[in-house]
Amino acid sequence: MEEKTVLQLKSLLPDIRENVFLKDHATFKIGGPATYFIEVRSKEDLIKAVTAAKTCGVPFFILGGGSNLLVSHEGFSGLIIKVLHEKGIVLKPGNIVEASAGVEMKELVSFCIDQALAGIEWSGGLPGTFGGAIRGNAGAFGGEIKDSILEVEALDDDLKVRQFSNKDCQFTYRSSIFKLNNWIVISAKLQLTPGDKKVIADIAQSRIDYRKEKQPLHLPNAGSVFKNCDLKWFSKEWQEKLAHVVKQDPFPVVPTAYLLSECNLKGTRIGGAEISTKHPNFIVNVENAKTQDVLDLIEVAKKAVKEKYGVTLEQEVHYLQ
Ligand SMILES: Cc1cc2nc3c(=O)[nH]c(=O)nc-3n(C[C@H](O)[C@H](O)[C@H](O)COP(=O)(O)OP(=O)(O)OC[C@H]3O[C@@H](n4cnc5c(N)ncnc54)[C@H](O)[C@@H]3O)c2cc1C
């Protein structure tokens with residue numbers, strides 16, 4: 001980066017830090033340093049940071065909870081903008097809850113339980129921020145964030161703040177208009193329904209318990225590495241053979257964990273990374289894993305599934321380089 005650019009960026013954003021290791025901001029605990037790093041706590045500061053990066057021509061990346069990220073060992077040459085929340089969560093008339101992008105999902109779920117509002121309890125135990133969940137239309141146990149979104153406020157390429165109705169968001173399986181265009185979620189409103197506080201709390205807790213039982217939460221990871229596979233991708237013959245494992249989540253899918261298990265990949269290790277024995281769609285950082293260890297395991301998994309089932313796995317984890 002030219003010295004002139006650096007000086008300009010530092011004058012526009014006096015709070016930026018240099019050489020911040022991204023492994024400390026990613027649940028995988030993998031990843032080299034970002035040249036520049038800033039934490040933003042308000043809509044104004046978020047817009048200011050993005051504007052500064054664009055003005056200076058510096059590449060930037062929006063970081064939420066870092067729970068869906070594999071960061072390159074070389075790190076990121078540019079500005080990382082970490083979105084934290086300031087304004088938090090607000091209850092509005094009509095069972096509407098508004099929250100900033102940087103609010104953690106677990107905080108949002110707790111708030112909804114306190115208010116006896118139902119709708120997002122399926123996300124009990126979902127790591128990351130509200131903004132990250134909206135961008136990737138996070139989902140589990142048959143629910144998706146799109147089911148409760150009323151409106152999203154986001155920043156487009158021209159730094160224009162825009163409002164998006166649920167339909168405008170173009171939510172699909174693990175995707176949205178924000179993901180397709182790299183637009184930045186600032187805040188959003190959820191339309192919820194009144195319910196029984198204990199019932200809502202019990203559902204959220206059962207999801208947390210399920211995750212503890214089935215997922216390798218004792219080791220650093222980034223959640224499911226691959227999306228589940230659409231049943232339609234398989235040949236007629238495989239569709240019949242796999243019928244017993246198909247689940248609706250949110251349409252008929254074959255769990256990728258099952259396919260990886262059938263390919264005997266559980267416990268496959270490269271360097272410090274391993275395909276989890278507990279949940280094979282998770283790669284775990286067993287011992288100082290390098291980014292390349294994970295990338296190599298991803299290739300091993302893709303190749304095995306392609307050879308056995310004829311389908312190409314789609315990656316869910318975002319690779320930041
Ligand atoms: C143990 C574990 C279990 C998980 N289980 C699930 C699950 O059941 N279902 C599921 O869907 N996911 C799951 N995940 C993945 C992850 O939690 C979700 O994808 C989550 O929504 C990512 O949010 P984040 O804030 O951590 O995003 P990050 O990891 O920080 O970022 C992910 C992507 O979102 C972008 N982003 C972040 N914030 C914003 C914003 N405000 N505006 C625009 N883009 C933004 C980033 O630029 C990046 O491209 C799991 C992860 C872990 C570690």
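Counting begins at 1 with the first residue of the sequence. We count ligands from 1, going down the list as the structure has it; atoms in each ligand are counted the same way.
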Hey, can you pull the donor-acceptor pairs under 3.5 Å for the side chains in residues 246-262, sequence neighbours left out?
residue	atom	partner	partner atom	Å
Asp249	OD1	Gly142	N	3.0
Thr256	OG1	Lys227	O	2.6

Once the angle between the rings of His25 and Phe37 is folded into 0 to 90°, is it parallel (under 30°), tilted (30 to 60°) or perpendicular (over 60°)?
tilted
Just to verify, what does Phe60 make a ring pair (Phe, Tyr, Trp, His ring centres under 6.0 Å) with, not counting sequence neighbours?
none
Looking only at the side chains, is there a donor atom on one of Asp168 and Ser165 sitting less than 3.5 Å from an acceptor on the other?
yes
Using the side-chain contact (heavy atoms from CB on, under 4.5 Å) rule, take Ile145 and Leu126 through it: C-alpha gap first, then chi angles, then the decisive distance, then the call.
CA-CA 11 Å; Ile145 200 74; Leu126 179 77; over 6 Å; no
Under the ring pair (Phe, Tyr, Trp, His ring centres under 6.0 Å) definition, can you give me all pairs with a residue in residues 262-321, not counting sequence neighbours?
Phe61-His318, Trp238-Tyr309, His279-Phe282
Lining ligand 1 at under 4.0 Å, by non-hydrogen atom distance, are residues Thr27, Phe61, Ile62, Leu63, Gly64, Gly65, Gly66, Ser67, Asn68, Leu69, Ala101, Leu126, Pro127, Gly128, Thr129, Gly131, Gly132, Ala133, Arg135, Ala138, Gly139, Ala140, Arg174, Trp183, Ile184, Val185, Arg211, Gln215, Leu217, Asn221, Ala222, Gly223, Phe282, Glu316, His318
